[in-house]
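Notes follow the structure.
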Amino acid sequence: MAKTLRLILGDQLNLQHSWYEEKDTEVTYLMMEMRQETDYVKHHIQKVVGFFHAMRNFAKEVRAKGHDLIYLKISDEQNQQDLEKNIKGLIQEHDFEAFEYQLPDEYRLDQQLKTLCDSLDLPTRSVDTQHFLCERGFLEDFFKGKKTYLMESFYRQMRKDFDILMDGKDPVKDKWNFDQENRSALKDKRLLRKPKLHGKNLAHLVDEIEDAGVSTMGSIVKSNYPWPTSREESLEVLDHFCQNLLVNFGTYQDALTTWDPYLFHSRLSFAMNTKMLSPLEVVKKVENYWEEHQDDIDIAQVEGFIRQIIGWREYMRGIYWAKMPDFAEMNFFGHDRKLPEWFWTGRTKMKCLSESINQSLELAYAHHIQRLMVTGNFMLLAGIDPDEIDQWYLGIYIDAIEWVEITNTRGMSQFADGGIVGTKPYVSSANYIKKQGNYCSHCAYDPGKKTGEGACPFNSLYWHFYDRNRDKLEKNPRIGMAYRTLDKMKNKEEILEQAEKYLEGIEDL
Ligand code: FAD
Ligand code: SF4
C-alpha cells in the first residue's frame with residue numbers, strides 16, 4: 001500500500017469502523033481542531049469543548065490500537081486552522097502518496113473535500129462512515145417522483161429491512177406506531193429520575209479554547225462537564241436510559257415542565273452525532289432491554305424511541321442529501337424579521353420561552369418539544385428569517401450539525417421547505433403549551449386571553465400567522481378548518497391588531 005494519509009473529521013469518532021480493524025504501517029490518521037470549524041457559526045462553549053474532548057479521547061483510543069495518528073490541537077503552532085492548508089502542508093512534509101477520507105455528513109465539508117481532492121496530485125478515495133442505516137441517496141430513491149416524503153412509510157421500511165420490533169412480517173404487538181399514546185403532561189414530580197451526567201473537570205480545555213480566541217456563546221461549569229466524550233461514557237448514558245428512563249420515555253415525550261430540563265429524554269444525540277455510538281446498536285440495545293423487561297415497560301415507550309432514531313434521524317439525513325444545497329435557501333413564507341435579542345439572553349417575560357432559552361444557554365440542550373413547540377413555534381408565528389433561525393439552532397445545541405439541524409429547523413419546525421418534511425406547519429396557540437405542562441401557570445401573560453392587557457402573545461400571533469399566509473395555506477386540506485374558524489371570529493380585527501402591536505414591540509415581550 002502507498003504511504004497514505006487518512007482524515008478523521010470531528011464527528012467521525014466511530015471506533016468500530018473497518019479502517020481500524022488492522023494496523024497498517026503505511027497509514028497515518030489525521031485529526032484536527034480548526035478555527036474553520038469553530039468559527040463557521042458561533043457555537044455554544046459546551047459544544048466546542050465536547051467535540052474537542054471527544055476527539056482527543058478518540059485519538060488516544062486509535063493510537064492505543066497501534067495506529068499512527070497526527071493530532072493538531074487548536075493551540076498548536078503548526079496548525080494553519082484550515083482543512084485544505086493543513087492537509088496540503090502535511091502531504092508535503094511527510095511525502096504521503098495517497099489521501100483518503102470518510103464521506104462527511106455536511107454539504108459544506110463534502111464540497112471542500114471534493115475541491116481539495118481535485119487539486120491534489122495523488123490518488124484520493126472516499127469511503128462510507130459505516131454509521132447510518134442507509135446510504136446517502138437511499139431516501140431519494142425510495143420516494144422518487146413524490147412531492148412529499150412521508151416519514152412513516154420510510155420508517156416501516158427500516159423496521160422491516162433491519163428486523164427491528166418485528167414479528168415475522170408484522171410489527172410486534174400488531175401496530176406500527178403508538179404515537180397517540182405518547183402525549184401526556186407530567187403531573188407527578190416523583191416519577192422523575194436523575195440523568196447520567198459525567199461531571200468531569202475540563203478546565204484546561206476550556207482555557208485552551210479561550211486562549212486560542214475562539215468566540216462562543218452560553219455558559220459552562222469548567223469543573224463539572226456533563227456530556228459523554230468517549231465511547232465508554234456514551235455506553236453508560238445508554239445503559240442509564242434503558243434502566244431508568246425508557247419506562248416513561250414515550251408517555252412524557254411531549255411534556256413541558258419547569259421541574260426538569262431532561263425529563264425522560266435520552267441525551268444521546270451528541271454521542272450518536274459524533275458517531276461514538278451507532279444508531280443500530282442503540283436501537284438494538286433498547287429493543288433487547290425491552291424484550292427482557294416486557295412486564296415493566298410497554299411497547300409504546302420503546303416504539304416511540306426507536307421511531308425517533310431509525311425513523312426521524314435517518315429520514316432527516318436522507319432529506320438533507322436529497323435537497324441540499326437548495327434546502328439551505330428555502331423560505332416558503334418569505335419571512336424576514338430579525339431574531340429578537342432576548343433569544344441570546346433569555347430575558348423575556350414569556351415563561352415558556354425564558355425556560356427553554358435559559359436552559360439552552362446553560363446546558364446546550366433543550367428537548368424536542370421545547371425546540372419545536374416553544375422556540376420554533378414562536379419564531380414561525382413571528383415570521384423570523386430562517387437564516388437567523390438556523391444560526392441560532394446550529395450554534396446553541398450540543399448535537400447541532402447541519403444535516404440534522406437544518407432539516408429539523410427549516411423543514412419540520414419552520415415549514416420553510418413548503419411541505420417536504422411535514423404536511424402542515426407546526427404552530428399552536430397558548431392552548432397546546434398550557435395543556436402540556438406548567439409553564440403557563442408561572443407566566444406574566446394569561447394563556448386564556450387573546451387581546452388586551454397581559455394576553456398571551458402566542459394567541460394573537462397564531463391567528464396573524466394564518467391570516468398573513470392565507471394564499472399559501474388555505475388550500476391545504478389539513479388547515480382549511482383554521483380559516484373557517486378565523487373567518488367566523490367576531491373580534492378578528494382586534495386580534496390581528498394585538499398581534500401587530502406585539503410584533504412592533506417584539507424586543508419587549
Ligand atoms: P431523545 O428525545 O431521547 O430522542 C432519541 C434520539 O432520537 C435523539 O438522540 C436523536 O438522535 C433522535 N431524534 C429525535 N427526534 C429527532 C428528529 N426530529 N430528527 C433527528 N433525530 C431525532 N437533533 C439533533 O441531533 N441535532 C440538531 O441540531 C437538532 N436540531 C433540532 C432543531 C429543531 C427546531 C427541532 C424541532 C429538532 C431538532 N433536533 C435536532 C431533533 C431533536 O430535538 C433532538 O435530536 C433531541 O432533542 C436530542 O435530545 P435527546 O438525545 O435527549 O433525544
Ligand atoms: Fe408561554 Fe403564553 Fe403560556 Fe406564557 S401564557 S407560558 S407566553 S404560552
Side-chain angles (χ1 to χ4, degrees), residues 11 47 151 195 227 237-238 241 245-246 249-250 252-254 256 258 261-274 277 279 282-283 286 304-317 319-320 348-356 360 364-380 389-390 392-414 421-422 426 428-449 454-462 502 509:
D11 66 346
K47 184 179 173 190
M151 200 292 286
W227 295 100
V237 177
L238 176 56
F241 173 72
L245 308 171
L246 178 61
F249 174 83
Y252 301 113
Q253 200 180 345
D254 290 2
L256 292 168
T258 54
Y262 305 117
L263 292 164
F264 300 95
H265 294 277
S266 68
R267 295 177 65 256
L268 282 168
S269 49
F270 176 67
M272 274 190 282
N273 293 355
T274 49
L277 295 183
V282 171
V283 297
V286 168
F305 181 77
I306 287 179
R307 182 169 6 101
Q308 305 312 314
I309 295 177
I310 63 167
W312 282 110
R313 187 171 186 271
E314 291 286 324
Y315 168 86
M316 289 309 200
R317 174 173 180 260
I319 295 274
Y320 184 76
T348 162
K349 297 188 282 297
M350 292 181 281
K351 185 67 176 172
C352 53
L353 281 154
S354 72
E355 277 288 306
S356 305
S360 304
Y365 179 87
H367 62 71
H368 188 66
I369 289 301
Q370 290 176 312
R371 300 187 203 195
L372 185 66
M373 297 312 292
V374 180
T375 46
N377 186 9
F378 181 87
M379 289 168 174
L380 179 53
I389 297 177
D390 272 332
W392 190 79
Y393 281 103
L394 190 56
I396 201 162
Y397 292 118
I398 186 81
D399 53 33
I401 305 183
E402 194 189 63
W403 66 269
V404 58
E405 174 277 325
I406 205 169
T407 41
N408 270 293
T409 303
R410 281 194 193 238
M412 182 187 276
S413 162
Q414 299 299 303
V421 170
Y426 277 99
S428 82
S429 62
N431 239 347
Y432 175 85
I433 296 174
K434 186 172 170 230
K435 186 163 67 67
Q436 290 309 114
N438 69 353
Y439 287 158
C440 297
S441 43
H442 298 274
C443 187
Y445 292 100
D446 182 345
K449 281 178 83 176
C456 168
F458 278 85
N459 291 337
S460 50
L461 290 176
Y462 177 78
Y502 277 149
L509 284 176

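Remember, it's 1-based here, ligands and their atoms both numbered in the order they're listed. Only a predicted model underlies this, so the values are computations on that prediction, with no experimental measurement involved.
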message = Is the shortest side-chain heavy-atom distance between His368 and Trp312 below 4.5 Å?
response = no
ask   = Under 3.5 Å, side chain of Tyr439 to main-chain N/O of Ser356, donor-acceptor pair present?
value = no
ask   = What do you reckon, does Tyr365 have a nitrogen or oxygen under 3.5 Å from a nitrogen or oxygen of ligand 1?
value = yes
query = Judging by distance only, is a nitrogen or oxygen of Ser269 under 3.5 angstrom from one on ligand 1?
reply = yes
inquiry  = Strictly distance-based, threshold 3.5 Å: is any side-chain N or O of Arg371 a donor or acceptor partner for the main-chain N or O of Ala366?
reply    = yes
query = What atoms of ligand 1 come within less than 4.0 Å of a heavy atom belonging to Leu268?
reply = 9 (O), 51 (O)
ask   = Should one rank Ile306, Asp390, Asn408 by closest heavy-atom distance to atom 35 (C) of ligand 1, which comes out on top?
value = Asn408
Exercise: identify the closest heavy-atom pair between Met412 and Tyr426 = O-CD1, 3.3 Å
remark   = The atoms of ligand 1 lying under 4.0 Å from a heavy atom of Ser413, numbered in the order shown, are 34 (C)
inquiry  = I need the contact type for Phe241 against ligand 1. Using non-hydrogen atoms and a strict under-4.0 Å cut-off, is it side chain, backbone, both or neither?
reply    = neither
ask   = Is a donor on one side and an acceptor on the other found under 3.5 Å between the side chain of Thr375 and the backbone of Leu353?
value = no
note = At under 4.0 Å between heavy atoms, what of Thr407 touches ligand 1? The answer is neither
query = Rounded to the nearest 0.5 Å, how far does CE of Met373 lie from CZ of Phe458?
reply = 9.0 Å
query = If you take all heavy atoms of Ile401 and Asn273, which pair is closest and at what distance?
reply = CD1-O, 3.7 Å
query = Considering only the protein, which heavy-atom contact is closest to atom 6 (C) of ligand 1, and what is its distance?
reply = Ile309 CG1, 3.7 Å
key: atom 1 (Fe) of ligand 2 neighbourhood, protein N/O/S only, threshold under 2.8 Å   = Cys352 SG
inquiry  = Counting non-hydrogen protein atoms only, what is the nearest one to atom 16 (C) of ligand 1? Give residue, atom name and distance.
reply    = Trp312 CB, 4.0 Å
Close-contact set for ligand 1 against Asn273 heavy atoms, below 4.0 Å = 24 (C), 25 (O), 26 (N)
ask   = Hey, does Thr409 come in under 3.5 Å of ligand 1, counting only N/O atoms on both sides?
value = no
ask   = Which residue from Glu405, Arg410, Arg371, Gln308 reaches closest to atom 7 (O) of ligand 1 through any of its heavy atoms?
value = Gln308
task = Note the single closest protein heavy atom to atom 27 (C) of ligand 1, along with its residue, its atom name and the distance in Å.
result = Asp399 OD1, 3.3 Å
Atom pair CZ (Phe305) and CZ (Phe249), whose distance is rounded to the nearest 0.5 Å = 6.0 Å
ask   = Of the listed options (Met272, His368, Met412), which comes nearest to atom 42 (C) of ligand 1 when hydrogens are ignored and any heavy atom counts?
value = His368
request  = Please identify which atoms of ligand 1 are closer than 4.0 Å to at least one heavy atom of His265.
outcome  = 1 (P), 2 (O), 3 (O), 52 (O)
ask   = Just by distance, do the side chain of Arg313 and the backbone of Pro279 share a donor-acceptor pair under 3.5 Å?
value = no
Residue part near ligand 1, for Phe249, under 4.0 Å between non-hydrogen atoms = side chain
query = Does an N or O from Ser266, backbone or side chain, lie closer than 3.5 Å to an N or O of ligand 1?
reply = yes
request  = Give the contacting part of Phe305 toward ligand 1: side chain, backbone, both or neither, where contact means a heavy-atom distance below 4.0 Å.
outcome  = side chain
inquiry  = I need the minimum non-hydrogen distance between Lys351 and Thr258, along with the two atoms involved.
reply    = CE-CG2, 4.0 Å
key: Euclidean distance, Asp11 CG relative to Asp399 CG, rounded to 0.5 Å   = 12.5 Å
query = Between Ser269 and Tyr365, does a side-chain hydrogen bond (donor to acceptor under 3.5 Å, both in side chains) hold up when you go through it step by step?
reply = CA-CA 10 Å; Ser269 49; Tyr365 179 87; over 6 Å; no
message = Taking 4.0 Å as the limit for heavy-atom contacts, which would you say applies to Ala400 with ligand 1: side chain only, backbone only, both, or neither?
response = both
ask   = Rounded to the nearest 0.5 Å, how far apart are CD1 of Ile433 and CZ of Phe378?
value = 10.5 Å
remark   = among protein heavy atoms, the one nearest atom 23 (N) of ligand 1 is Val404 CG2, 3.7 Å
inquiry  = If the cut-off is 4.0 Å to any non-hydrogen atom of Leu372, which atoms of ligand 1 fall inside it?
reply    = 36 (C)
Subset of ligand 1 atoms that lie under 4.0 Å from at least one heavy atom of Ala366 = 47 (O)
ask   = Is Asn459 reaching over with its side chain to a backbone N or O of Lys449, donor-acceptor style, under 3.5 angstrom?
value = yes
inquiry  = To the closest 0.5 Å, what do you measure between CH2 (Trp392) and OG (Ser360)?
reply    = 4.5 Å
